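The structure presented is a predicted model; accordingly, all values stated were derived computationally and were not measured. First listed ligand is number 1; within each ligand, the first listed atom is number 1.
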Amino acid sequence: MKITRRDFVKTGAVLSGGLIANQVSPSKIFSGQNSGSPLIAVSTWGDTIKSGEKAYEYLNEGKNSLDALEAGIWIAENDPDNNSVGYGGLPDEDGIVTLDASVMDWNGNAGSVAALEGIKNPISVAKLVMQKTKHVMLAGDGAKKFALENGFKEENLLTEKSRKAWENWKRKNPHNPNRVDEHNHDTIGMLAIDKFNNLSGGVSTSGMGWKIHGRVGDSPVIGAAMFVDNEIGGAVATGNGEFVMRTVGSFLIVEKMRDGLTPQEACEFAIKRIYKKAKLDKDIQIGYLAINKKGEIGAYSLYDGFTYAVATSIPGSVIKSDFLLK
Ligand code: SD4
């Protein structure tokens, strides 16, 4: 089914599951709006639409895709009501909020931070790791030291709401600390294309709620939750990071697009790979979102319920992904 302009204008509404995203081609739908690049930001989970719209605003002002997605992701990171990202994220089993994030630009440069504490905008620290160091990933205390040395300020990221949720969990699970919250799903993964036709990707998350202190998820692992190749396209992941890491999902999707698959076909391939290889516990959700250089989008998840946001020249849309286990 082709997504029409009318569908796109339904700002904020979750569209019906019948809309299959592989046929979305904003470059064609909105042809003539710019120099031929499909100015676009797509992001995991529908409620990140405000992030997408902010990123689009930047793209429309002529800023590059990396700066655009950083600005967009800030909105999710700063939102105390988003309990999977930045400030307000659910803590680990010790009640500490630890954050993972990564970025990758059109030149194949990458930066990430893992298990970062006390810094509200890990996406910007990841960007700085990429731009200022010879490394790709900084973790834990070292990542925090680097952030503080570079002007970030330390803040308490545990909101009252998240602290109460943690206390409640602890009361209910006093002897089984290794019970993570598999349903803590609002991680933002964003892909953006700018007027220079350059693609960047970024992910930011507080990871699974109640994880073991020190656990690092897929989000800062380049190729797992995010991968970009400016010749081909990019992919981002959300959901249970352990399964995404074991199959290096985003890299797999980009490589399948390189082989000629559409973004939709590539996302389906990667989800089916997980299903085939992994011993999945019931209810484990994983979703992939991909875009190619033409601005064609693909999305697919294991279970029902995965949504994503698309921000282009007209007000953004929230679209429901197709899924495997019907
Ligand atoms: C993680 N992938 O840390 C993240 C969590 C997530 O939507 O994406 N939730 O495993």
field: Gly207 neighbourhood, listing ligand 1 atoms whose heavy-atom distance to it stays under 4.0 Å
entry: 3 (O)
task: Output the list of atoms in ligand 1 that are nearer than 4.0 Å to some heavy atom of Asp218, sorted by atom number.
output: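 Result: 1 (C), 2 (N), 3 (O), 4 (C), 10 (O).
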task: Ignoring angles and geometry beyond distance, decide whether Glu242 reaches within less than 3.5 Å of ligand 1 through its nitrogen or oxygen atoms.
output: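 Not met; the criterion fails.
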task: Closest by any non-hydrogen atom to atom 6 (C) of ligand 1: pick that one out of Leu99, Thr187, Thr98.
output: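 Residue with the shortest heavy-atom distance to the ligand atom: Thr187.
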- request: Pick, from Ser204, Gly287, Gly241, Gly239, the option with the minimum heavy-atom distance to atom 5 (C) of ligand 1.
  value: Gly239
- prompt: Could you go step by step and tell me if Asp47 and Asn82 meet the side chain to side chain donor-acceptor pair (under 3.5 Å) rule?
  reply: CA-CA 9 Å; Asp47 33 8; Asn82 184 328; over 6 Å; no
- prompt: Do Trp45 and Phe306 have their ring centres less than 6.0 Å from each other?
  reply: yes
field: Ring centers of Phe251, Phe227 separated by less than 6.0 Å
entry: yes
Quiz item: cation-pi between Lys277 and Tyr275, 6.0 Å / 45°: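 Here Lys277 fails the 6.0 Å and 45° test against Tyr275.
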query: Any heavy atom of Arg215 sitting closer than 4.0 Å to ligand 1?
result: yes
Check ion pair Glu167-Arg163 (N to O, under 4.0 angstrom): yes
